[in-house]
Structures are given as C-alpha cells and as structure tokens.
2 protein chains.
Amino acid sequence: MTAELISVGTEILLGNIVNTNAAFLSQECAKLGLSVYHQCVVGDNEDRLLEALKMALKRSDIVILTGGLGPTKDDMTKAAVAKLVGRSIVMNEHSRQRIIEYFKGREDYTRVAENNWRQAEVIEGCIVVDNKNSIAPGEIIELPAGKRLILMPGPPNELKPMFRNDIGPYLAKLQEVVLYSEMVKVCGIGESMAETMVLDLIEGQENPTIAPYAKTAEVHFRVTARAASEEEGKQLVAPVVEELKKRFGDNVYTTKEEESLEEVVISLLKQQRKKIATAESITGGLIAATLINVPGASSVVDESFVTYSNEAKHKRLGVKEETLKSYGAVSEQTAKEMAEGICQATGADVGIAVTGIAGPDGGTPEKPVGLVYVGCCVEGKCEVEELRLKGNRQKIRDMVVVRALDFIRRGILQ
Amino acid sequence: MTAELISVGTEILLGNIVNTNAAFLSQECAKLGLSVYHQCVVGDNEDRLLEALKMALKRSDIVILTGGLGPTKDDMTKAAVAKLVGRSIVMNEHSRQRIIEYFKGREDYTRVAENNWRQAEVIEGCIVVDNKNSIAPGEIIELPAGKRLILMPGPPNELKPMFRNDIGPYLAKLQEVVLYSEMVKVCGIGESMAETMVLDLIEGQENPTIAPYAKTAEVHFRVTARAASEEEGKQLVAPVVEELKKRFGDNVYTTKEEESLEEVVISLLKQQRKKIATAESITGGLIAATLINVPGASSVVDESFVTYSNEAKHKRLGVKEETLKSYGAVSEQTAKEMAEGICQATGADVGIAVTGIAGPDGGTPEKPVGLVYVGCCVEGKCEVEELRLKGNRQKIRDMVVVRALDFIRRGILQ
C-alpha cells in the first residue's frame, strides 16, 4: 500500500517552522511497510488544498493530512475534506465532552472561546481518534476502493502520540504483512568504515533489510523484516542482529531503539555503583550536561568542573605547570593529568577529561583545529585517546561529547 | 512572483533526514518577496519527478529543485529536467576544471571516480553556478514566459552558501521591488504576552510587515518593508523597529539578524572586561557550554562548576548546610549563596547560579517540576529570579539556559 503526506500550514511555506512531522510520519510509515512516494506542503488556502487532496487520493491509498484543525478561520482542513468527499461536518458529542473536561482543570476555563467548540466537529461517518494532549481529535475517513483519508493535528506533541497509540495500529491492521525491526547502534567508528564493514550484508539481503542512519559520531542500523507475524519477524531479524554485533563487537552500545548513549553510560554506572565527574575544556560543560539530561543522573553525578583556562586546569585539577608548559594544554599528558585530577579532587570513581581545539582560531600545523585529547580514569586506571575531527566549532564539540561518552562506556565495561 | 520547491531524494521520503532545506529556501524566498505556495518531495524516480516538474512549471514562476545532482545512477534530476525542457546534457569545461582542482589538494585524489565527471555535466544553455563547497554546480535554466528552473545540490552546507551568494542575488534582480528587513530579538517575556503587546502594530500595518517567530524562551520579530530601493526600505523599517524597541525596552537584546543571546553576553563581558563563572545544578553545565560555544569565549570564561549534589554546593560554593536544610537546594536562598560562592571561589566578576527541578520526578505541590531559581552576582551585587517553567526535562533545561543568559545580560547592563 502507498501513503502520501499533506502538511497544511502557511507557517511551513514561510519557512517559520521545519516540517519535522513529515520526517516522523515517513519513518513510521516505512516501519509499517507503507511506501511513501510523495510529501507535499500547502498553505491555509482551500483551493490549493483541494487540488492537492484530489491528486493525492488519485495516486495513493492512504492520504495523511496534518495541521489546519485549529479553532481559527485559517484552519480549513475539515471544510476542504468535507467538500471533497461530499459529507457534512457534524458535532461529535464525545469530543465536546472532552473539551469541557480539558478546560475544567485549567485557570483559563472561563476563556473557552466559541471557536473552541468547532474543534469538536468532525466529518460525518469518520472514526474519531482522541487527542490525549489537546482538544482537536484526529479523524479516519474510510472511502470506496480501500482509500483512506486521515486527519491529524499539526503540533508534534499531539501528532506523535496519536500516531503511535492509534493511527499506527489502525494502519498496521490493514497490512497483510507485519514489519518487525530492531536497531543496532554503533559508535567509535566512522560512517563509511561502518558501512563498508557490512556492505555485503546490505547488498545481499532482501528480507530482512539493513538500513544505516548516520548520527553525530554514531551509526545506527535498522534491521527490518517483513513477516506473517511478529514472532516470525523476530526470528528473521535475530541472526542479522547477531551478525552485526559480531562484526562491530564492542562498538555496539545498544540494540534498543529508544536507548541513547548517555542512558547506557548512566545505567552502567548505576549498576556498578560508580560516581562520575567530568573535567571539561573544549566542551565547556556539555558532557556533564548531556549526562545530567538523563533522569535520575543525580545518583551517579555529584559535580563536575569546567576548566577552560590553564590556571583552572592547574588549580582545580592539579595539572602540573611543567606539563602545561612543555606539552601544552592540548596534549596527551594534560588530558591524563586532568582525568587523574578530577578523580582526586572529587573522589569520583570515574573521571573523564577533554581538551582540544574547537576553532575557528587557535589551530597550528602541529595542533590543528579538531585535535582533541580525551582522558578517562576508571578507579585509578587511566587511558588517553587522540581524536582528529573535522567540522565547525559546534560540530567538533558535539562529536567530542559522543566520543567521550563512548570512551567512558568502554572504560567501565573493561 | 511565485516560487515552488521540489526536494528530490528517497531519503527524505523514508524520513531518514528532515527537510531543513525546504525551510531554509522558504525563508529566503519570503525575504526576497517571492510567494511560495507549494513545497513537495519526490523520490529518486524519473516518472514521478517529471510529473512534479510539469505541475510546478504550470503553476509557479520559479521552480527550485534540490538534490539528485550526485554522481550515482540514483541521481536523475538533470536527466529529468533535460527531458522536460527538450535540451541536451553537455560537459561544462569550467566545472570539469573545478573538479580537477577540488581533488588536487586531497588525499583521495586518486579516487576520482569516472562517475565524478558526470557532475560537471549541465543542461545546455543554462547559467552555471559554482559550488564553492563541493563539485556539483548549480544551474539556472531560463525558459519562455519568464519561467525559471533552478537546480541546486542537496547537502545544506553546499546549498545554503550557493543560495546566499548567487541564486538569491539572481532572484532579487528579477523582482521589481526590494525587500528590506531587520530583526528585533526579545527575551524574558512570554510569546503570547509579547504578541499581545504589539498586536495593534501587527494588525494595523501592511508595509512594513511584522512577523513574530517563537524560539525557546525568546520571540523574534522580523520587520520587512517592500520598497523601490534598499535606502527606502531602511527608512520604512526604522520607525517600526524604534517602536518595537520602545515597547519592549530592555527585553530587546539585539536587532542584528545573526547575533545570538550568548554572543551578546560574551561581547558585553568583553567590553566591560569582566570574567564570568557559572555554578550549575539543574542545567548541569549547559550554560557554560553555551557561553563557550562562542568563539573567543576564553577571554571571559576561565572556569565553571557543575554542583549537582548538596554536598558539592556546600563544599565548592560555600552554601551553608543550614540554608540547604532550612530552605532546600531549590530555593531563593540557595541560589543566592551559590552565585555569591562561585564569585568567591573563582574570583569572577560575574557569577550565575541555577538550581531547580527538571523532572520528570522530584516535584512536590510546594516545589513543582519547573520551579527554578536563578541567582546572578555582578561585582558583589546579587539578585535572584524565580522561574516557573512548563515542559519536559530537556525543554525546561533549555529554557533555563536562555533565561539565565538574559539575567546575566541585564545584570551587567545595569
């Protein structure tokens, strides 16, 4: 089956917002085995919306519309769809009750505008899909010849849960096959190298398929099988995931779709009851901030230091003046002393230290922009890694964070 | 004039990448006064691309195609366009020379594949636009009735400079009017409040127009005038910018398009020759990291502390145990002592301290998730601000960073 996405909203055509909904829905459709051949964006204009709708229904089985379900006169998705399918717009009592409930608990209860009730109106005969995060419901309109029109609200925090909870499962039931996928997340290895290492698998296989996704300093491989049941899907996917794990070894940090590298690091530290502290120069606190973004990080992070100047490296971490003078702040020796120093200063079991040149200025032929040293101490045992990264200041710093987190992970796994 | 965007690439239809090019080009077109009524995405498929092209050329004056100019057999934009306009594809000697130059300085010179030369081929009679960041040139094809097809490479780091340097100026010349705009960036005031404060201006005016853009804890207003010349545009925009500055007072942190809040803070600190240090709990280093992302931050930031645990707040910053016990870590008193403490511990002229509850756990009825205290000391003078923020962990932390930066800005402006 084919699906097509129509995003409605002048704010997208003005470039005021990036159309992340289209990327989300395309990914979800791909997971469900739906082929998406077209995405389009139209503004809050009935004629152009009708034109887009007609074309989409002609060439695709499922047409997913997002946006234009709000309360103002700019929101015309329902009116256009009603006109196209020749049905009327009716008040949906269930959705009206939900609006009352929604506003009850809020300060702005008195401010339920007349317009808000319009959001409880739906296309006659549609399947109403509750919006758990606001008041405009989704709608599924089943049409002759197996065609379907799906209307969803535009805000991502309403659209995403609605798709995951209701629309996705509805579409999955229409498919004769089940798509089952698992994710193998790899770091500490370049994108083209990672792809080369599994090129034979990617080229040779049809089911399951292996799709690589490049992230900052990471590569994720999605292994997807088409099968008659989820059980069969699992069986098809398992040996491929095993093969990927064999080839990438300890570069694989998780096979869980939703798990991030910092979450892996935090849960390893929790398991081993180890405390961590960071000593950051080039990243200026970004590693600590990334770790602390994981809920519950407080059980493994007490404190960290940003030591940007040479003096701070010396005073806070005990990096020897001699070391800074002979080897420079960006050196293997300094990174090592920083990592040792942060453990000593804070009593942490694990210390991670980074020093490098983020640019745009400050590079020399011997020490170019992108040269970074990462030091990691785990219970007194220290290692230093040299990185040579490419990119602008922000990109280099983001890559250092990932590489440093990976270095911690390897250090505590040893 | 109308413009339409066609993004070519199966990776967008699979949701593997977000179509940020469309948002960028839409914004640029809006700045040039071009009306964009359609954006669409098609995969690497000649039939569907031809269908999209035909429709676009029928309804729009300028059709901008991005992607599909690479060296592989998946890249078929040029072939489809050549077929549509009935011209042949010819080798462009200038672009061929550029490819030779491009690979000369690189290690992978020997790896210039036969396919790469295909990227020097262009549609007969087009205007060739150099790609300063890679090898596939852009192309402008002028057609009868004032229609134009513009081909650009897909990678954003190639597309953006090409548009800014060459394609944009080319399109600007086609317009009878000049669009001139300035940006007024506001923080420390909510989005709906900010809009309400200028609603009369937004509703009343036609030229210049005022368009609000909501950012994390900021609102940006773009003031745009259509005029016969840039000089006239400036004259039209000036009184509106003045009026916005009058209404928002010191909530306006810049009127420069490219200037960020952290850049303003860093340059104020540089001007006043003041050093800054942060003491971060809830943000875990993110404020320091944001400041240090500004090139040259090293002249005003020496070091900072992440003090996540109560013990660290006491030990590093001298927050009294009594204070932590009586008022708690998330309190006005603790924020104040943290800010004073970081100045004392580091000798910085300006100290910023944040403590709060980011969630999802840890909230109570008295101290809910989103409660944050920001303390700021400027040369001994301390102030504390209480924030009550809404959102998930990440969003709350991102908002705290902006509010803290703004608090620093106000503190050093006094």
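Below, read A as the first sequence line, B as the second, and so on, with proteins coming before strands; counting in each chain starts at 1.
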- Query: So what's closer than 4.5 Å to chain A heavy atoms on B/Thr346: side chain, backbone, both or neither?
  - Reply: both
- Task: For chain B, find which of A/Ser298, A/Gly359, A/Gly362 contributes the most heavy-atom pairs closer than 4.5 angstrom.
- Result: A/Ser298
- Message: I'd like to verify something: which residue of A/Gln27, A/Glu280, A/His38, A/Arg393 has the highest number of heavy-atom pairs under 4.5 Å with chain B?
- Response: A/Arg393
- Query: Between A/Ser309, A/Ala312, A/Ser35, A/Cys40, which has the largest tally of heavy atom pairs under 4.5 Å with chain B?
  - Reply: A/Ser309
- Message: Among A/Ser304, A/Ala23, A/Pro360, A/Ala30, which residue has the highest count of heavy-atom pairs closer than 4.5 Å to chain B?
- Response: A/Ser304
- Query: Given that the side chain runs from C-beta out, which part of B/Ala289 has a heavy atom under 4.5 Å from chain A: side chain, backbone, both or neither?
  - Reply: both
- Item | From CD (A/Glu303) to CZ (B/Arg316), nearest 0.5 Å | 4.0 Å
- Does any heavy atom of chain B fall under 4.5 Å from the side chain of A/Gln394, the backbone, both, or neither of them? both
- Contacting region of A/Thr20 [heavy-atom separation from chain B under 4.5 Å]: both
- Hey, is A/Arg59 close enough to B/Glu51 for a salt bridge, meaning N to O under 4.0 Å? yes
- Note on the structure: Looking only at B/Ser26, B/Ala52, B/Cys29, most heavy-atom pairs under 4.5 Å shared with chain A are made by B/Ser26
- Message: Let me confirm one number: the CG-CZ distance from B/Leu13 to B/Arg48, rounded to the nearest 0.5 Å.
- Response: 8.5 Å
- Interchain contact, A/Leu25 with chain B, by part (heavy-atom threshold 4.5 Å): neither
- Query: Where on A/Ala288 is there a heavy atom nearer than 4.5 Å to chain B: the side chain, the backbone, both, or neither?
  - Reply: both
- Message: Nearest 0.5 Å, please: how far is OG in A/Ser60 from CE in A/Met55?
- Response: 10.5 Å
- Message: At a heavy-atom distance under 4.5 Å, which candidate from B/Ala277, B/Pro295, B/Ser281 has the highest pair count against chain A?
- Response: B/Pro295
- Item | Residue among A/Ile12, A/Asn157, A/Val42, A/Ile6 with most heavy-atom pairs under 4.5 Å to chain B | A/Ile12
- Please check if the side chain of A/Lys313 supplies one atom and the backbone of A/Thr307 the other of a donor-acceptor pair under 3.5 Å. yes
- Query: What's the verdict on side chain to side chain donor-acceptor pair (under 3.5 Å) for B/Ser7 and B/Asn19, showing C-alpha distance, side-chain angles and the deciding distance?
  - Reply: CA-CA 8 Å; B/Ser7 310; B/Asn19 194 359; 3.1 Å; yes
- Query: Given a strict heavy-atom distance threshold of 4.5 Å, which part of A/Val294 is in contact with chain B: side chain, backbone, both, or neither?
  - Reply: backbone
- Ion pair present between B/Glu28 and B/Lys160, side-chain N to carboxylate O less than 4.0 angstrom? no
- Message: Within the 3.5 Å criterion, strictly below it, is a donor on A/Thr224 or A/Lys31 matched to an acceptor on the partner's side chain?
- Response: no
- Message: Within this structure, what is the CD-CG distance for the pair A/Glu11 and A/Asp44, rounded to the nearest 0.5 Å?
- Response: 6.0 Å
- Message: For A/Lys315, which atoms come within 4.5 Å of any heavy atom of chain B: side chain, backbone, both, or neither?
- Response: side chain
- Contact part of A/Asp361 toward chain B, heavy-atom cut-off under 4.5 Å: side chain, backbone, both or neither? neither
- Message: Can you tell me which portion of A/Arg222 sits under 4.5 Å from chain B's heavy atoms? Options are side chain, backbone, both or neither.
- Response: neither
- Item | A/Thr10, part contacting chain B, at a heavy-atom distance under 4.5 Å | neither
- Message: If you apply the rule side chain to side chain contact (heavy atoms under 4.5 Å, CB included), what do you find for B/Ile266 with B/Val300, and how did you get there?
- Response: CA-CA 7 Å; B/Ile266 293 285; B/Val300 298; 3.6 Å; yes
- Within 6.0 Å of CD in A/Glu46, more than 12 heavy atoms from elsewhere: yes
- Winner by heavy-atom pair count (cut-off under 4.5 Å) against chain B, out of A/Leu14, A/Leu286, A/Val18: A/Leu14
- Message: Please report the interatomic distance CG(A/Leu291) to CD(A/Glu263), rounded to the nearest 0.5 Å.
- Response: 11.0 Å
